[in-house]
Amino acid sequence: MSGGDCYRDVAATGLAIRPLSLADLPRVLEIERLAYSHPWSEGVFQDCFKDSYRCWALSEELGLVGYAIVNYLVDEAHLLNLCVAPDKRRLGGGRCLLRHVLARARAEGMVQVLLEVRESNDAAYRLYRQEGFREIGRRKGYYPAASGREDARVMALSLDSCSLPGACPL
């Protein structure tokens, strides 16, 4: 799916991307609990509605099905959370939401996007690799896990003019 096709493909499934609002929090919390063993609290999400954050919703006719939370610091965007409801995965919405985050960050003058992903989250790791992220390090014991702590892979993507899918001529 090229960058331009992403939006057409998602629109064909009835999905759309829009700014996340505080009114979305009940559904965000529901998705968060379904998707993660150690979900964020309502307070953590509320703290993300500040000027240095960008919060995006993936929605369909019946409501919210995913979200992305990004923090901007100087010229770097830190993708803190990207989640799609378990029953809405594998439709391309997560990829399109990620591409939206990247395009908006570049448009707003960010030069790099950073993120952490659980070592055990192979699906997310593959998505980020396919979209051009590279692993730049590890954070030992970063995530809580059922049996203690789990490492995070730290990944980065430069937002130069040719780093985004579909941005460069073949």
Side-chain angles (χ1 to χ4, degrees), residues 10 15-60 62-89 93-125 127-128 131-159 164:
V10 168
L15 297 172
I17 297 171
R18 62 172 174 77
L20 192 69
S21 74
L22 283 169
D24 292 316
L25 276 184
R27 178 65 177 145
V28 166
L29 292 169
E30 180 183 353
I31 293 170
E32 185 82 358
R33 283 189 297 272
L34 290 170
Y36 297 125
S37 60
H38 295 81
W40 283 10
S41 69
E42 182 174 358
V44 169
F45 279 106
Q46 287 175 340
D47 286 345
C48 295
F49 286 90
K50 295 179 181 170
D51 287 343
S52 63
Y53 289 81
R54 303 299 180 270
C55 303
W56 300 104
L58 181 66
S59 60
E60 63 180 6
L62 298 177
L64 185 81
V65 296
Y67 49 88
I69 309 294
V70 187
N71 182 269
Y72 285 16
L73 182 61
V74 186
D75 62 355
E76 288 185 348
H78 189 169
L79 178 58
L80 300 172
N81 196 336
L82 189 146
C83 186
V84 175
D87 65 335
K88 297 296 181 179
R89 292 182 181 164
R95 183 178 306 275
C96 200
L97 187 56
L98 176 61
R99 288 181 180 180
H100 179 82
V101 164
L102 299 177
R104 293 298 307 146
R106 185 170 64 186
E108 292 188 58
M110 301 296 110
V111 299
Q112 177 174 250
V113 177
L114 298 171
L115 61 84
E116 292 86 15
V117 61
R118 280 184 184 271
E119 189 171 47
S120 64
N121 192 343
D122 292 329
Y125 180 73
L127 170 65
Y128 297 135
E131 293 301 313
F133 282 84
R134 62 185 173 80
E135 188 172 333
I136 61 169
R138 298 276 176 129
R139 296 191 198 278
K140 294 285 185 198
Y142 186 76
Y143 289 107
S147 59
R149 308 288 298 176
E150 182 177 356
D151 292 352
R153 296 173 175 176
V154 181
M155 302 184 80
L157 175 68
S158 171
L159 295 177
L164 299 181

Taking the side chain as C-beta and beyond, is there a heavy-atom pair between Y72 and V70 under 4.5 Å?
-> yes
What's the shortest heavy-atom distance between V44 and C48, and which atoms?
-> O-SG, 3.3 Å
Check S41 against L29 and note the closest heavy-atom contact, atom names and distance.
-> C-CD2, 4.0 Å
Out of K140, R138, R118, which residue meets the salt bridge (charged side-chain N to carboxylate O under 4.0 Å, His left out) rule with E150?
-> R118
SG on C55 to NZ on K50, rounded to 0.5 Å | 11.0 Å
Which pair of heavy atoms, one from A124 and one from V117, lies closest together, and at what distance?
-> CB-CG2, 3.7 Å
Rounded distance (nearest 0.5 Å) linking atom NZ of K88 with atom CG of L15 = 7.5 Å
Can you tell if the side chain of Y143 reaches within under 4.5 Å of the side chain of N121, non-hydrogen atoms only?
-> no
Roughly how far, to the nearest 0.5 Å, is CG of L82 from CG of L115?
-> 9.0 Å
Separation of Y128 OH from E116 CD (nearest 0.5 Å) = 10.0 Å
Looking only at non-hydrogen atoms, find the nearest pair between I136 and R134 and report the distance.
-> CG2-NH1, 3.0 Å
Below 4.5 Å, heavy atoms only, C-beta onward: do V113 and F133 meet side chain to side chain?
-> yes
For the residue pair F49 and L20, establish whether any side-chain heavy-atom pair is separated by less than 4.5 Å.
-> yes
Is there side-chain contact between R18 and L64, with at least one heavy-atom pair below 4.5 Å?
-> yes
Kindly write out the residues that satisfy side-chain hydrogen bond (donor to acceptor under 3.5 Å, both in side chains) with Y125, not counting sequence neighbours, or none if the list is empty.
-> E135
Search all heavy atoms of A156 against all heavy atoms of L114 and return the closest pair with its distance.
-> CB-CD2, 3.5 Å
Step by step, would you call Y36 with N81 a side-chain hydrogen bond (donor to acceptor under 3.5 Å, both in side chains)?
-> CA-CA 11 Å; Y36 297 125; N81 196 336; 3.1 Å; yes
Using atom types as modelled and distance alone, determine if a side-chain donor or acceptor of R139 lies under 3.5 Å from a backbone N or O of V154.
-> no
At their closest point, which heavy atom of I31 faces which heavy atom of C83, and how far apart are they?
-> CG2-SG, 3.8 Å
Spacing of L62 atom CG and R27 atom CZ [to the nearest 0.5 Å] = 10.0 Å
Please determine which of V28, I17, L25 meets the side-chain contact (heavy atoms from CB on, under 4.5 Å) test together with Y67.
-> V28
So which of I69, L98, L102 actually passes side-chain contact (heavy atoms from CB on, under 4.5 Å) with L79?
-> L98
Relative to each other, are the rings of W40 and F45 parallel, tilted or perpendicular (30° and 60° limits)?
-> tilted
At what distance, to the nearest 0.5 angstrom, does CG of L159 lie from CD of Q112?
-> 8.0 Å
